[in-house]
Participant: 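The following block contains the structure, expressed as structure tokens.
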Amino acid sequence: MASPVPGLPTGLVVGAYDGYPDAQRAVDYLADQKFPVEHLAIVGTDLRQVERVTGRMSWGKAILGGLATGAWLGLFVGLLLSLFTDEGWAQIIIMSVVWGAIFMMIFGAVGYAFTGGRRDFVSKSVIVAGRYEIYCQHQHAEEARNHLARLSLKTG
């Protein structure tokens, strides 16, 4: 039986795919065949961190980004606080938005100042796998391989 604790799976590799959608389709196919999918794990291998640069960072972006984030956070807090009052709820919301915007604007500026110009760009990072393998517990591996061989005959 598969371990409920996260970690490296045990068992045998019953399928290998270049993309996650293909591995997902294979597991879905096994589920459609009434295979006990709780004995499977999809494992990404050949991992790479990809950081996509999305633009320049500047004082204006740091301050405006903080202001926008603070306004949204303030709106959320203000709406929550306004649930507990019958009067003055609009003032509570407005003041929460204003104070949230001011606080986060300062926080954004201070954070950018601490970079000292060493990171004047904005980016998004993601971990991607070059290959996806389906692991299966030993006692079910042969059955899984047989089902996946039929799937490859259908799609191949």
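In what follows, residues are counted from 1 in the order of the sequence shown. Quantities reported herein were computed from a predicted structural model and do not represent experimental measurements.
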Participant: For Leu47 and Ala129, which heavy atoms make the closest approach, and how far apart are they?
Facilitator: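 Looking at all heavy atoms of both residues, the shortest contact is CD2-CB, 3.7 Å.
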Participant: What's the spacing between Leu80 CG and Ile92 CD1 if we round to 0.5 Å?
Facilitator: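 It comes to 11.5 Å.
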Participant: What distance do Ser58 atom OG and Leu64 atom CG have between them, rounded to the nearest 0.5 Å?
Facilitator: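 Answer for the OG-CG pair, Ser58 versus Leu64, is 8.0 Å.
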Participant: If only atom types and distance count, is the side chain of Thr115 paired as donor or acceptor with the main-chain N or O of Arg118 below 3.5 Å?
Facilitator: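 No, Thr115 side chain to Arg118 backbone: no donor-acceptor pair under 3.5 Å.
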Participant: Salt bridge check: are Asp22 and Arg25 linked by an N-O gap of less than 4.0 Å?
Facilitator: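 Salt bridge flag = yes for Arg25 with Asp22.
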Participant: Does the ring centre of Tyr132 sit less than 6.0 Å away from the ring centre of Tyr17?
Facilitator: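 No; Tyr132 has its ring centre 6.0 Å or more from that of Tyr17.
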Participant: Kindly give the heavy-atom pair with the smallest separation between Ser125 and Gln49, and that separation in Å.
Facilitator: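 Distance-wise, the nearest heavy atoms are OG-NE2, 3.5 Å.
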Participant: Tell me, which pairs form a salt bridge (charged side-chain N to carboxylate O under 4.0 Å, His left out) where one or both residues lie in residues 40-59, sequence neighbours left out?
Facilitator: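 Output for this query lists Asp46-Arg48, Glu51-Arg119.
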Participant: Say whether Tyr29 and Val27 are linked into one hydrophobic cluster, either directly or through other cluster members, by side-chain heavy-atom distances under 4.5 angstrom.
Facilitator: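 Yes, it is one cluster - the side chains of Tyr29 and Val27 are joined through contacts under 4.5 Å.
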Participant: How long is the gap from CG on Leu75 to CH2 on Trp72, to the nearest 0.5 Å?
Facilitator: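 If we round to the nearest 0.5 Å, Leu75:CG and Trp72:CH2 are 6.5 Å apart.
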Participant: Nearest 0.5 Å, what's the CG-CZ distance between Leu81 and Phe76?
Facilitator: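 Going from the CG atom of Leu81 to the CZ atom of Phe76 covers 10.0 Å.
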Participant: In this structure, would Phe114 and Ile106 fall into the same cluster of hydrophobic residues linked by side-chain contacts under 4.5 Å?
Facilitator: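 Result: yes, single cluster for both.
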Participant: Would a hydrophobic clustering, with Ile, Leu, Val, Met, Phe, Trp and Tyr connected at side-chain separations under 4.5 Å, put Ile42 with Leu30?
Facilitator: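 Ile42 and Leu30: one cluster.
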Participant: Kindly work out whether a path of hydrophobic side-chain contacts (I/L/V/M/F/W/Y, heavy atoms less than 4.5 Å apart) joins Val77 to Leu79.
Facilitator: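 As far as the 4.5 Å side-chain criterion goes, Leu79 and Val77 are not connected within one cluster.
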Participant: Suppose the criterion is side chain to side chain donor-acceptor pair (under 3.5 Å): which pairs have a residue in residues 89-113, not counting sequence neighbours?
Facilitator: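 The answer is Tyr112-Asp120.
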Participant: Measure the spacing between NE2 of His147 and CD of Gln33 and express it to the nearest 0.5 Å.
Facilitator: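 Here the rounded value is 6.0 Å.
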Participant: Might you point out which heavy atoms bring Arg131 and Ala16 nearest each other, and give the distance in Å?
Facilitator: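 Answer, listing the atom of Arg131 first, then Ala16: NH2-CB, 3.2 Å.
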Participant: Please tell me whether Leu151 and Leu40 are part of a single hydrophobic cluster in this structure, the criterion being side-chain heavy atoms less than 4.5 Å apart.
Facilitator: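 Same cluster.
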Participant: If you compare all heavy atoms of Met57 against all heavy atoms of Ala62, which two are closest, and at what distance to 0.1 Å?
Facilitator: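 Answer, listing the atom of Met57 first, then Ala62: SD-N, 3.8 Å.
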Participant: On a heavy-atom basis, which atom in Val14 and which in Cys136 lie closest, and how many Å separate them?
Facilitator: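 Heavy-atom minimum between the residues: CG1-CB, 3.7 Å.
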Participant: To the nearest 0.5 angstrom, please state how far the NZ atom of Lys124 sits from the OG1 atom of Thr54.
Facilitator: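 If I round to the nearest 0.5 Å, the distance is 6.5 Å.
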Participant: Check Ala141 against Leu12 and note the closest heavy-atom contact, atom names and distance.
Facilitator: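 Result for this residue pair: CB-CD1, 3.8 Å.
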